[in-house]
Structures are given as C-alpha cells and as structure tokens.
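Heavy-atom basis, side chains included; hydrogens, waters and symmetry copies ignored. For clarity, every value in this text was computed on a predicted model and none was experimentally measured.
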Amino acid sequence: MTSTSSCSQGLAPRTDTDAWWRDAVIYQIYPRSFADANGDGIGDIQGIREHVDHLAALGVDAVWISPFYPSPQVDAGYDVSDYFSLAPEYGTLAELDALISDLHEVGIRVVIDLVPNHSSDQHEWFRAALEAGPGSPERDRYIFRHSADGAPNNWGSLFGGPAWQPVEPLTGRSQDQDWYYLHLFAAEQPDFNWSNEDVHEHFRTFLRFWVERGIDGFRVDVAHGLVKAEGLPDDDLGPDRWNVVAAEGEDAAAARDKLPDVGPAFNQPGVHDIYREWRSVLDKLGTDILLVAEAWVPTEADAALYVRADEMSQAFNFPFLTAGWDADRLRRVIDVSLSEYGAVGAPATWVLSNHDVVRHASRLAYPAEMDTNPG
C-alpha cells in the first residue's frame, strides 16, 4: 500500500511500508501448555527453547507468546500481578532472555501480550488501593465509585454478572460501604483508570522495559477498552452482556463470540490518544516495533482507525474470523477490509482463530445447522 491515502487524512506519510510485520506469519504460543521441560505438568520457557528448531522449520517469522507474567491464573494469565517479571512456574527472566536470544538467532521475532485494561486484584497497586481507602491517590489508579443505590450503573461483565464489585466485603471497613470498583471481566480483574497519569507512566515504562530485553512487538489485549465514556452512562445492552443476544436459545458462548463490544465502556475516541503516545515511545526505541490491536469493534472501518500511521501496526480482522465458510461473506469482508485498511496505508490482518474461539479446523467443519457465525 502507498501512503497517499493516509496523507489525505492529515497524517504523515507512512515510513513502515517495508516493515517485517506486513507479511509476517506469526505463531501463537501458550506457554502453560506448549512444552514442559521439567516434568511438573506445566509448560515453561525451557520447554519452548527446546522446540526453537521446530518453530524455525515451520518457517514462521515471529512467535506471539501469551501472558507469562506472575498471575493467580483466574483468566489464563490475563490477570497480571506483576508486569515486569516472569511467573516462577515458567522459569526465570534469565531463561526468558535466553529464549529471546535463541529465537532471534534463527530469525524469529518475539511478540508478547500487553494487558492494559485491567490488572489482577493481587497487583500491588490494587492491594494498596484497598488499604488506602476512599478518595486516595492509590484508588485513583483504578475506577472506584460511590453509590448509595446499588451499582453505579447497569454495566455487565463480559464474563457474566454485574461489572461492579462492592468494596466493603473485601476490606471489612464501614468507610467502604456503598463503594464499588469496575471490572469489565472477572471480579479479580479491576479496570485501570486511564485518566490517571500513573497508569500512563506505568505502561510507558513497560514498553521500554521489554523492548530493552529484546521484544519486537506487543499484542494489545482489549485494545478497544481502556477509556470509558465520560460520566459512565448506562449501557443500552443492560447488565447481562453475556446472554444479551442468546434470547432465542442460542448457545451463550457462541452468541458472545458474534457480538462486537459496543457501548460506553468500549471503542471510545480517547483510546487512540493512548496508542499515539505508545507509538511515540516505541519510535524512540527502535524501528518497526509491532503493535497489534485486539479490538472487537463493529466494523472494518472502526478497526482501521487503530492502524493509522501514528498508532498501531495491525489490528486483528475479526469480521474475517467470524465470516464462516461462506463465499459471499468472505468476499464482502475481504473487499471492505482491503478498502478500509488501505485508506490508512495499513495491511489487512487475516485471522482465522486465536485462543478465544474454537480453532478454525473444527469451526469451519461444523455441519451447516451448527454455524453460529453472524449472518
């Protein structure tokens, strides 16, 4: 793609037209289940090291390593308790450094997960927030609200149930009565407050830390979250996001997969300011450092906003993933994707599956009556 169209939108010409990630094949590794080197029943970094030659033989250009940070594992490691370390069951940072070196030696780049919407409730910041009490700087790093009439609004968790957790049962203090914290996912995953400068600095430091260790890119979890609508208004979908489109007896999990994340907690314009900030940080650290958006947004045009020249490199093309084995759907998605992404000089990223959906070999082989993809 040329940079002409991105210039027409008031952006500087793209300088990444020859970047490695434009036509890369990226292999996802779930460290907990990929390979167990020490026989304790849990995959580990050394296990990955022992299979670097196999990865090279596949011809992949990069590996995407799912969260390896210390975590209580409430959500498969996406509840991070320390963003600057390695879970001890996976090994040591020295072993991780050695893996990065091994992969680079055979020409494979390394992409890791970045989880910026929420932390674990075991993160030191959240523990400090509970200890510090209402109105404290520590609590301002997360989204705490007072409401004497129940939850502050009607938002529902994407994991089911309300998105607000009462604080008093956690602290046992009367001063926390009628206080709640927001969690768009599990109750053990409190949402960060991206209006707080400490949060911004935390993730700027995160980017520098891992790039300096040799990381070549980041897959950004819930990239369309982070910023919430001003005033936290009610959600038109109501409090039960999980089952909202399953009213006719459709399997709830399948229904959830076909519902883009819409409403006041998602895809707010302010998220793009964050990614411009990150791009500025990364551009000072090196060239062609990858940022990939996991953004479940309604349209290809919405997704293309995340990959403008001064923001991210790629965005998962979820409409392509959910198109099913249907020529008309696929043709429409491909044509629209090439047009919308091309308008900002970005490549379309063809995604068939990831860890959140049934693998495509199984999904596309279902009988037609079991096809749960959107029409």
Side-chain angles (χ1 to χ4, degrees), residues 1-28 59-62 64 109 111 216-224 257-262 266-267 269 271-272 275-276 278-279 282 287-354 356-357 359-361 363-364 371-375:
M1 298 292 179
T2 67
S3 59
T4 304
S5 56
S6 60
C7 289
S8 68
Q9 297 194 13
L11 299 177
R14 296 195 79 113
T15 60
D16 55 12
T17 53
D18 296 321
W20 65 270
W21 43 261
R22 281 186 170 264
D23 57 2
V25 175
I26 302 177
Y27 184 100
Q28 182 181 5
V60 301
D61 300 292
W64 155 29
R109 290 180 168 88
V111 178
D216 302 289
F218 304 89
R219 177 264 190 191
V220 182
D221 185 58
V222 197
H224 56 308
D257 284 343
K258 62 188 275 188
L259 177 69
D261 292 330
V262 296
F266 299 102
N267 203 33
V271 298
H272 299 288
Y275 302 134
R276 293 186 186 101
W278 290 4
R279 176 52 61 195
L282 293 175
T287 58
D288 298 340
I289 299 174
L290 176 67
L291 278 176
V292 182
E294 186 221 17
W296 284 90
V297 291
T299 69
E300 294 88 346
D302 290 312
L305 295 176
Y306 288 79
V307 291
R308 290 174 286 189
D310 58 348
E311 295 189 42
M312 293 196 171
S313 316
Q314 297 179 337
F316 285 1
N317 193 326
F318 289 119
F320 181 76
L321 183 154
T322 58
W325 194 244
D326 182 281
D328 290 337
R329 293 178 187 171
L330 287 168
R331 183 179 297 110
R332 189 210 70 81
V333 169
I334 291 170
D335 288 346
V336 173
S337 296
L338 291 175
S339 175
E340 295 292 351
Y341 286 89
V344 293
T349 302
W350 309 113
V351 177
L352 289 171
S353 61
N354 69 359
D356 286 326
V357 299
R359 302 300 171 90
H360 51 277
R363 192 176 71 251
L364 298 180
D371 184 1
T372 58
N373 293 310

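D328 meets the salt bridge (charged side-chain N to carboxylate O under 4.0 Å, His left out) test with R331; sequence neighbours excluded.
With contacts defined as side-chain heavy-atom distances shorter than 4.5 Å, the pair V292/W64 does not qualify. For the pair F218 and I289, the minimum side-chain heavy-atom distance is below 4.5 Å. In this structure, R219 and D221 have side chains that are in contact, with non-hydrogen atoms separated by less than 4.5 Å. In this structure, the side chains of D61 and R109 stay at 4.5 Å or more apart for every pair of heavy atoms. Contact annotation: the side chain of R332 approaches that of V336 to within less than 4.5 Å [non-hydrogen atoms, C-beta and beyond]. Contact annotation: the side chain of L290 approaches that of Q314 to within less than 4.5 Å [non-hydrogen atoms, C-beta and beyond]. Here the side chains of L321 and W350 are not in contact, with every heavy-atom distance at 4.5 Å or above.
Nearest heavy-atom pair, V111 versus A62, reported as atom, atom and distance to 0.1 Å: CG2-CB, 4.5 Å. Across all their heavy atoms, A304 and V344 have their closest contact at O-CG2, 3.8 Å. Nearest heavy-atom pair across A323 and V333 is CB-CG2, 4.2 Å.
For the pair R279 and D310, the salt-bridge criterion is not met [side-chain N within less than 4.0 Å of a carboxylate O].
Atoms CG and CG, on N267 and L305 in that order, are 7.5 Å from each other to the nearest 0.5 Å. In this structure, R276 CZ and M312 CE are separated by 11.5 Å, a value rounded to the nearest 0.5 Å. Rounding to the nearest 0.5 Å gives a distance of 12.5 Å between OH of Y341 and CZ of R308. For the atom pair CG (D288) and CG (D216), the distance works out to 10.0 Å, reported to the nearest 0.5 Å. Taking CZ of F318 as the start and NE2 of H224 as the end, the distance is 8.0 Å to the nearest 0.5 Å. Atom OG of S337 is separated from atom CG of L330 by 10.5 Å, given to the nearest 0.5 angstrom.
Remark: the backbone N or O of R329 is paired with a side-chain donor or acceptor of D326 at under 3.5 angstrom. Within the 3.5 Å criterion, the main-chain N or O of V222 finds a donor-acceptor partner in the side chain of E294. Listed for the S313 side chain is a donor-acceptor partner under 3.5 Å among the backbone atoms of L291.
Outside the 6.0 Å centre-distance limit, the rings of Y306 and W278 are not counted as a close aromatic pair.
Side-chain contact of N317 with T349: a donor-acceptor pair under 3.5 Å is absent, judged by distance alone.
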